[in-house]
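My questions will all concern the structure given below.
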Protein chains: 2
Amino acid sequence: MTTRGGKRTGAGRPQGTNYYGEPTKPVRIPVSKIDRVLRFVREREDAVPIYGHAVPAGFPSPADDYAEGVLDLNTHLVREPTATFFVRARGDSMIGAGIHDGDLLVVDRSLEAINGKVVIVSINGELTVKRFRRSKGRTWLMPENPDYPPIDFQEQDDTHLWGVVTNVVHSL
Amino acid sequence: MTTRGGKRTGAGRPQGTNYYGEPTKPVRIPVSKIDRVLRFVREREDAVPIYGHAVPAGFPSPADDYAEGVLDLNTHLVREPTATFFVRARGDSMIGAGIHDGDLLVVDRSLEAINGKVVIVSINGELTVKRFRRSKGRTWLMPENPDYPPIDFQEQDDTHLWGVVTNVVHSL
DNA sequence: AATTTGAATAATGTTACAATATTCAAAAAA
DNA sequence: TTTTTTGAATATTGTAACATTATTCAAATT
């Protein structure tokens, strides 16, 4: 039996050479979400590269460097998670604001409805999206389509202002 | 020493009464992401409630039941994470397709550019968004704004088709 | 009939461990 | 001498195991 020498100072795998470059700890995850979580921690699933108008050389990869970096849609579009909800738009009364039938509206309930903002209100149990306009002490809900009339708005039992629309997601 | 009886059939914490309602398993997570992961699995951070047009009674909470359930923007808008990138739109040549100056375009490179799709192409080092149109063996890039002319498109050294636009995110 | 108490059993956070990966340097080979 | 091989050294990694906690049941007690 041959020996091949004794102490090797500095031998062995160096610390910090793991996949993430930082220590890990076991965390219990519900089985249905393990895949999703692993994709997030390992492949930065939610970090999608974003470009301006210069053309990158190869195909974009989040690992590369980009002028405008990467973007996570949830973080970008949902500033206040607990105060945010989505509404699907119906009709074309707000076509002038870039809101089309079927678009997904991101609504932030924590924002104040100030003059000129696009808001979601319920009137007689129906949700509607209009531009919020104050004038001479009165409040109007303005469509952005000449085929529709303005609505004289006053908060009552059957009306409620739900929040301010921050983004419109349109599918092609 | 008093005894208080023997076998209790059915005693003990019932199976399935954990926080998630399903089994869990330990998964190693890099320490810097543990908070984010726990928020995701425990509070469904990325699950935002979505409504149709009926008005819910109280303020939406992901824990409640909703007619249309909840929605995670990343999952909803980014079907192929490794083939997706974002481009910020410039100009108003595609205003007819609901694409405004400054909008964020979600581009899927794994989709085939078929007739009628909105695509991202680079021409002379500039990215542009147009509708892809095939006619009589030729390919045209069509703007959706009468102020702009169609572009006769042929893939060459200085032109490249980058992908198909699946969604437009418009900020208000 | 209501309350107390210990048994029964699952959930949960963390430790432990075996298997794997990576690096070093002595020994062997070229 | 230079290159290759080989085992030692040590960190990583997935998961089993464990101790603690939480929850439920029903006998014993009030």
Side-chain angles (χ1 to χ4, degrees), chain A residues 1-49 58-66 69-72 74-75 78 80-82 84, chain B residues 1-49 58-66 69-72 74-75 78-84:
Chain A
M1 195 250 271
T2 69
T3 174
R4 284 170 177 262
K7 178 84 173 159
R8 281 154 181 84
T9 43
R13 185 172 184 167
Q15 199 168 351
T17 59
N18 64 336
Y19 184 84
Y20 308 106
E22 63 174 314
T24 63
K25 276 184 66 178
V27 172
R28 264 187 197 278
I29 306 290
V31 291
S32 71
K33 289 184 174 165
I34 290 178
D35 280 356
R36 178 82 200 279
V37 164
L38 285 180
R39 249 183 301 149
F40 169 66
V41 297
R42 289 223 265 252
E43 299 170 26
R44 292 170 248 202
E45 178 200 56
D46 296 340
V48 174
F59 177 67
S61 147
D64 299 340
D65 281 339
Y66 297 104
V70 294
L71 194 64
D72 172 350
N74 284 320
T75 307
V78 182
E80 288 290 337
T82 58
T84 299
Chain B
M1 193 249 270
T2 69
T3 173
R4 283 170 177 265
K7 178 82 173 162
R8 280 158 183 79
T9 43
R13 186 172 183 165
Q15 200 168 349
T17 59
N18 63 336
Y19 185 84
Y20 306 106
E22 62 173 316
T24 64
K25 276 182 67 176
V27 172
R28 265 186 195 278
I29 306 291
V31 290
S32 71
K33 289 185 175 166
I34 289 178
D35 279 355
R36 176 87 197 276
V37 164
L38 285 179
R39 245 183 304 146
F40 170 66
V41 297
R42 288 223 264 252
E43 298 171 26
R44 295 165 245 203
E45 177 197 56
D46 296 339
V48 174
F59 177 66
S61 150
D64 299 340
D65 282 339
Y66 296 105
V70 295
L71 193 64
D72 171 355
N74 284 320
T75 307
V78 183
R79 296 293 168 83
E80 287 290 337
T82 58
T84 298

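All chains are named by letter (A, B, ...) in the order of the sequence lines, taking the proteins before the strands, and each is independently numbered beginning at 1. Quantities reported herein were computed from a predicted structural model and do not represent experimental measurements.
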Between OH of Tyr19(B) and P of dA11(C) the distance, given in whole Å, is 16 Å
Axis-to-axis angle for the helix from dA1(C)-dT30(D) to dA30(C)-dT1(D), ends of five pairs each, to 10°, equals 10°
Rounded to whole Å, the NZ-P distance (Lys25(A) to dT12(D)) equals 15 Å
The answer to which of Arg28(B) and Thr17(A) contacts DNA chain C further toward the 5' end, by nearest nucleotide, is Arg28(B)
Rounded to whole Å, the CD1-C1' distance (Ile29(B) to dT14(C)) equals 15 Å
- With a non-hydrogen cut-off below 4.0 angstrom, is Pro26(A) in contact with a base, only sugar-phosphate, or nothing? base
Taken to the nearest whole Å, CD/Glu22(A) to P/dA11(D) is 18 Å
Rounded to whole Å, the CG-P distance (Asn18(A) to dT10(D)) equals 18 Å
In this structure, CD1 of Ile34(A) is separated from CZ of Arg28(A) (nearest 0.5 Å) by 10.0 Å
